[in-house]
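To start, the structure itself, in structure tokens.
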Amino acid sequence: MLVVKFGGNGNLNMDSFCADVAFMVRNGYKLAVVHGGSKEMDALSEKLGKPPLFVTTPSGFQSRYTDRETLEIFIMAVGKVNKLLVEKLQKLGINAIGLSGLDGRLIRGKRKGVIIAQEGEKKKVLKGDYGGTVEEVDAKLLSLLLERGYTPVIAPLALSEEGEALNVDGDRVAAAVAGALKAQALLILTGVPGLLRNFPDESTLIPEIPGEKLEEYIELYARGRMKKKLLGAAEALRQGVHLVILADGRVENPIRRALEGHGTFIKQGGEGWTTLPWKMLTPAASTESTP
Amino acid sequence: MLVVKFGGNGNLNMDSFCADVAFMVRNGYKLAVVHGGSKEMDALSEKLGKPPLFVTTPSGFQSRYTDRETLEIFIMAVGKVNKLLVEKLQKLGINAIGLSGLDGRLIRGKRKGVIIAQEGEKKKVLKGDYGGTVEEVDAKLLSLLLERGYTPVIAPLALSEEGEALNVDGDRVAAAVAGALKAQALLILTGVPGLLRNFPDESTLIPEIPGEKLEEYIELYARGRMKKKLLGAAEALRQGVHLVILADGRVENPIRRALEGHGTFIKQGGEGWTTLPWKMLTPAASTESTP
Amino acid sequence: MTECPECGATINLPPGTEVGEIITCPDCGVELEVVSLNPPSLELAPQVEEDWGE
Amino acid sequence: MTECPECGATINLPPGTEVGEIITCPDCGVELEVVSLNPPSLELAPQVEEDWGE
């Protein structure tokens, strides 16, 4: 069982991604896809005359202020990415099923409601925010679909305690899905080859990070969006996922290339191997092992 | 088992509709919801600077010319309506699951590809159209979800033979879903009390139409969008649905009011009764009877 | 000037004819689609079953 | 002029203070949210766990 996060921004190649998902599924691998939507979201918000409002939190994180109007644009943007992925996969003969975290309460989230924004030296409280954190993923619904041959394609929306839609981070959704399904590996495809010692020099790719050293590497090398991806990776390891790979989503056969060792491998227990030839990955993890 | 079509246009009340769906499901009725999206679609296309292009076919039908760009706007518009319905139902404690016809190949459709448009006395061929007709609905997927307590909320998109997304008519989707699930009744909620002998005089409501007389009534009284709804009703009857009700979606408790006799009842075999007190509807049609 | 693909009759496209327009062959009455204007060329018009889709 | 809800110290909102701004009480150091300007009123600032969400 493999969970693959297909980034929302950067210039990832949706066609080569879907072709590789199709290859893996045809060869018996069970896959769940999680996607983002920020590129689509930014474009749509501009066109709808509601440019995105990014705020920086006191500790330097960039967060999209999501009021109700922005949330409904976000629902349209990630909904479009979701159905385009499903359409392309169906065209390749893969029985993809697109869901958001609202559907069947797939993803439970906690609403932030408030963002503290740093504006110059002023700190500001922004209320009415529909951003949220991922609390729990319903593995039962996903397994029900996986066991019947469906390939879930999951959009980054969650349902709050009060039953409201929330904009949540795709990387954290992917981590939570991988944890819930006890996936053998979580693969995060982005617009860079992996974690770079000094960005943007792609020759400084860090091939391997032992799980227990991850926090250290995050402090040393991770900035902005990459930091979020690594925090997602840390969360996946905490939930029992043994391997998280950060790899390049711009290339042909991005999944196979990643599994063959191209990217940053973050492993629990840090044994010595550096590649995981995709053949090694047991194809369809037998249904019993899927919770 | 009851299939309810919640109109895409007109000023239907989403909150009172969802409250009534929740009431029915809480009282043990199995329900599938099908919705449209034309109001949302028209608003979004205007805002995105691609105003909808309606063409009239030689036989007087209005059809939305759906090129690829329009299709992707349609995907966003019906996607938004879909998730807002799911959000409201989840908030009322109903485990709604939003799907489009692409997801899990729920709805197979046939692409028109070509529309013949009447422009003045000229007839024109419009190519590259992503409108489609509904061919088949996968009852297996719907029953799988219904039996596990999910309430499906279905958006009017279908998947063509070639694996392309198609814009399909919500009323025909509702008819096909009702036929596939052998529903006891199909309820089409719209912005009028039912079929009116002379529109828009609401006092000329036709309370009852025997199934075999439907074609006649369509010729005599139905115009524009209402004609499509009645053709959907005819299709549902052909697929074995015994009762189709056309009723007002603007009122409080629109489903219960309809089942209590407020609307146009179109019945197969035309026996004499005119009301179907919602209590009479067997609550949860036992799962065996759902195919 | 062009020919009807069905019966070979010569057909003169009146001014103002547009690409995509459907015209009827004056001889055999078949419906033809104006595929291009210069050079003018015609094809049998696609048969579209009456539809009342969205 | 208003009071710190925590320690009661009088607090003078400097000009240019905006609603929603977070200021620190000069006496007890607690973080306060400027809830309104006229009349000026303060509340304890909401505690938000560090977040790095979307």
Side-chain angles (χ1 to χ4, degrees), chain A residues 40 43-44 46-50 68 71-106 108 130 138 140-141 144-145 147-153 155 157-166, chain B residues 40 43-44 46-50 68 71-106 108 130 138 140-141 144-145 147-153 155 157-166:
Chain A
E40 194 65 42
L44 186 58
E46 295 289 346
K47 273 195 220 148
L48 291 176
K50 173 120 176 136
R68 183 69 201 186
L71 175 71
E72 294 191 3
I73 297 175
F74 188 76
I75 287 174
M76 291 196 281
V78 295
K80 177 180 170 183
V81 174
N82 192 266
K83 298 316 172 198
L84 290 183
L85 282 170
V86 168
E87 183 191 30
K88 283 188 196 297
L89 289 169
Q90 289 286 359
K91 202 167 202 169
L92 294 164
I94 300 305
N95 201 355
I97 184 163
L99 296 168
S100 77
L102 307 179
D103 300 303
R105 282 189 214 115
L106 176 59
R108 215 169 41 68
Y130 280 86
D138 176 1
K140 226 170 21 50
L141 174 56
L144 174 77
L145 297 171
E147 278 147 25
R148 281 169 181 71
Y150 294 105
T151 295
V153 178
L157 287 169
L159 192 67
S160 75
E161 248 3 85
E162 298 74 29
E164 294 149 327
L166 300 176
Chain B
E40 195 65 42
L44 186 59
E46 295 288 345
K47 272 195 220 144
L48 291 177
K50 174 120 178 139
R68 183 69 201 186
L71 175 71
E72 293 190 5
I73 296 175
F74 187 75
I75 286 174
M76 289 196 281
V78 294
K80 178 180 170 182
V81 174
N82 192 267
K83 296 317 169 197
L84 290 182
L85 282 170
V86 168
E87 183 192 28
K88 281 189 195 300
L89 289 170
Q90 289 287 359
K91 202 166 201 169
L92 293 163
I94 301 304
N95 201 355
I97 184 164
L99 296 168
S100 78
L102 307 178
D103 299 305
R105 283 188 213 113
L106 177 59
R108 219 170 37 70
Y130 282 85
D138 176 2
K140 219 168 24 57
L141 174 56
L144 175 76
L145 298 170
E147 278 146 24
R148 282 173 180 70
Y150 294 106
T151 295
V153 178
L157 288 169
L159 191 67
S160 75
E161 238 21 72
E162 298 74 28
E164 293 147 328
L166 300 176

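Just so you know, these numbers use all the heavy atoms, side chains as well, and skip hydrogens, waters and symmetry mates. Below, read A as the first sequence line, B as the second, and so on, with proteins coming before strands; counting in each chain starts at 1.
- Taken to the nearest 0.5 Å, the NZ atom of Lys83(B) stands 12.0 Å off from the CG atom of Leu159(A).
- A distance of 8.0 Å separates NZ in Lys80(A) from CD1 in Ile75(B), rounded to the nearest 0.5 Å.
- Looking only at side-chain heavy atoms (C-beta outward), Val153(B) and Asp103(A) stay at 4.5 Å or farther from each other.
- The part of Ala96(A) that comes within reach of chain B is its backbone (N, CA, C, O), which places non-hydrogen atoms under 4.5 angstrom from that chain.
- With a 4.5 Å cut-off on non-hydrogen atoms, Leu144(B) touches chain A through its side chain but not through its backbone.
- Here Ile97(B) contributes atom CD1 and Leu141(A) contributes atom CG; the two are 5.0 Å apart, rounded to the nearest 0.5 Å.
- Between atom CG of residue Leu89(B) and atom CG of residue Leu102(A) there is a gap of 11.5 Å, rounded to the nearest 0.5 Å.
- In terms of heavy-atom pairs under 4.5 Å with chain A, the best-connected choice from Arg148(B), Lys47(B), Lys88(B) is Arg148(B).
- With chain A as the partner, the residue from Gly79(B), Gly98(B), Ala77(B) showing the most heavy-atom pairs under 4.5 Å is Gly98(B).
- With a threshold of 4.5 angstrom between heavy atoms, Ile73(A) does not approach chain B through any atom at all.
- Note on Val78(A), Thr151(A), Asn82(A), Val86(A): by heavy-atom pairs under 4.5 Å with chain B, the leading option is Val86(A).
- Residues satisfying the salt bridge (Lys or Arg N to Asp or Glu O under 4.0 Å) test with Arg108(B), not counting sequence neighbours, are Glu136(B), Glu161(B).
- In terms of heavy-atom pairs under 4.5 angstrom with chain B, the leader among Leu145(A), Leu92(A), Leu106(A), Asn95(A) is Asn95(A).
- The shortest non-hydrogen separation linking Ile94(B) to Arg105(A) is C-NH2, 3.9 Å.
- Every residue two or more places apart in sequence or in another chain that forms a salt bridge (Lys or Arg N to Asp or Glu O under 4.0 Å) with Arg68(B) is listed here: Glu87(A), Glu72(B).
- Note that CD of Gln90(A) is 13.5 Å distant from CD of Glu162(B), once rounded to the nearest 0.5 Å.
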